[in-house]
Amino acid sequence: MAEKLEDLNLPLTVVTRIVKESLPDGVAISKEARTGLAKAASVFVLYVTSAATNIVKNKKRKALTGQDVLDAMRDIEFDRFVEPLGVAFEQYKQIASARKSGSGKKKEEGDDVEIIEDD
Amino acid sequence: MSTPKAEKDLHLPLSRVKTIMKSSPDVEAVGPEPLYLVTKVTELFVTDLAKRAFKNSKNNFLEYKHIAEVVQEDDTLDFLREIMPRKITVRQFKELMAKKAAKGDLSDDESSESSEEYSTDESSSGKEANDQE
């Protein structure tokens, strides 16, 4: 599990990059605002996770699915994310199935777990 | 050149998101599909929060208070209120208290609103005290 406490926070630099990309060029962001947004993002991960696991529990299932995450959005009243997330989910599934059917590119399989930490 | 991968459009490290998800007591395993979606929606969330906070800012400068303002005004962000309290200066606090005293019990609504701000501030200092332990 998490060995250091920092492991439970999302990397500040990456969150800042997302923030900068969503704002017009040349916007300055205070240090406190950056750490605040990173903290908020980390807490959001847990918030969504617990909403999704609640759905799993209520349905008396065990494994968490992508659909549970999508359904959780409505439960926590983040309906505005349902559409963009649904689109991303469809794309993800398409790419995932294309990867499976493309038997020539077996080397790519099992890649989803190994993601480079760029921090 | 490289095969298109859905994970490529993500910024946040999946491994870190997974660690955070697994720190939740009810989560045993996290498959690639829910992991991708939680990561994706967290990025949507950061973008959304930053954009809304930016609307409160001036002179192209985004500060903590602009984010805290969004958090305090949107009930769906209630889960962030403890970690993102509105910060006020001592002078503002005194003014607030003076205003409250002057108003007396003229209007219940407004006085309860300011006491809410007071408790928000108090909970933050309480938290800091805990953190220092």
Side-chain angles (χ1 to χ4, degrees), chain A residues 1-2 7-8 10-11 14-15 17-19 22-24 26-30 32-33 36-37 39-50 52-53 57 63-66 68-70 73 76-78 80-81 84-85 88-89 91-92 95-96 99 105 108 111-113 115-119, chain B residues 3-7 9-51 53-54 57 59-68 71 75-77 79-80 83-84 87:
Chain A
M1 287 262 159
D7 292 345
L8 296 178
L10 293 169
V14 185
V15 175
R17 203 182 308 148
I18 299 169
V19 174
S22 50
L23 299 180
V27 173
I29 310 160
S30 80
E32 218 183 349
L37 284 164
K39 184 87 194 143
S42 310
V43 174
F44 182 77
V45 171
L46 275 179
Y47 185 54
V48 173
T49 304
S50 95
T53 48
K57 251 195 262 170
L64 181 65
T65 68
D68 296 324
V69 178
L70 213 51
M73 289 303 119
I76 58 174
E77 289 177 62
F78 277 93
R80 60 184 185 278
F81 293 155
L85 194 62
F89 191 23
Q91 284 169 352
Y92 178 87
I95 292 169
R99 210 191 296 164
K105 299 168 193 161
E108 288 290 318
D111 243 4
D112 0 10
V113 205
I115 297 305
I116 323 107
E117 278 258 31
D118 57 346
D119 232 34
Chain B
T3 15
K5 281 174 68 184
E7 289 91 345
D9 72 357
L10 294 174
H11 296 73
L12 293 171
L14 288 168
S15 56
R16 182 65 57 92
V17 175
K18 195 178 198 172
T19 309
I20 299 173
M21 288 176 77
K22 279 186 162 177
S23 76
S24 174
D26 297 320
V27 177
E28 282 161 37
V30 180
E33 209 176 81
L35 177 60
Y36 171 78
L37 287 184
V38 170
T39 309
K40 180 77 194 173
V41 79
T42 304
E43 296 191 358
L44 290 173
F45 172 76
V46 170
T47 302
D48 183 69
L49 185 57
K51 281 185 177 166
F54 183 65
S57 70
N59 304 325
N60 267 357
F61 186 44
L62 182 66
E63 292 174 86
Y64 173 87
K65 62 180 179 193
H66 305 130
I67 306 160
V71 169
D75 284 341
T76 68
L77 301 180
F79 69 99
L80 292 178
I83 65 147
M84 297 207 89
K87 293 191 181 170

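Chain letters run A, B, ... following the sequence lines, proteins first, then strands; residues in each count from 1.
- Taking Phe54(B) as the reference, nothing meets the ring pair (Phe, Tyr, Trp, His ring centres under 6.0 Å) condition, with sequence neighbours excluded.
- One distance of note links CD of Glu33(B) with OG1 of Thr65(A); it measures 7.0 Å at 0.5 Å rounding.
- When heavy atoms are compared at a cutoff of 4.5 Å, Tyr47(A) approaches chain B solely by way of its side chain, counted from C-beta outward.
- Remark: Lys57(A) NZ to Asp26(B) CG distance equals 4.0 Å, nearest 0.5 Å.
- In terms of heavy-atom pairs under 4.5 angstrom with chain B, the leader among Leu46(A), Val19(A), Asp68(A) is Leu46(A).
- Under the rule for a side chain to side chain donor-acceptor pair (under 3.5 Å), Ser30(A) has no partner lying at least two apart in sequence or in another chain.
- For chain A, the nearby part of Ile67(B) is the side chain; its heavy atoms alone come within less than 4.5 Å.
- Ring geometry for Tyr36(B) against Tyr92(A) counts as parallel: the plane angle stays under 30°, on a 0 to 90° scale with 60° as the upper cut.
- The OG1 atom of Thr49(A) lies 7.5 Å from the CG atom of Leu64(A); values are rounded to the nearest 0.5 Å.
- Proximity to chain A is limited to the side chain of Leu80(B), based on heavy atoms less than 4.5 angstrom apart.
- Only the backbone of Ile76(A) comes within contact range of chain B, with heavy atoms under 4.5 Å apart.
- Interface remark: of the candidates Val48(A), Leu70(A), Val15(A), Leu23(A), Leu23(A) forms the most heavy-atom pairs closer than 4.5 Å to chain B.
- Each of Tyr64(B), Phe79(B), Phe61(B) has some count of heavy-atom pairs under 4.5 Å with chain A, and the biggest count is that of Phe79(B).
- Note on Leu49(B), Val41(B), Val46(B), Val17(B): by heavy-atom pairs under 4.5 Å with chain A, the leading option is Val41(B).
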Apply the test side chain to side chain contact (heavy atoms under 4.5 Å, CB included) to residues Phe44(A) and Leu77(B): give CA-CA distance (whole Å), side-chain angles for both, the deciding distance (0.1 Å), then the verdict. CA-CA 9 Å; Phe44(A) 182 77; Leu77(B) 301 180; over 6 Å; no
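- Interface remark: Asp75(B) contributes no atoms to any contact with chain A (heavy atom separation under 4.5 Å).
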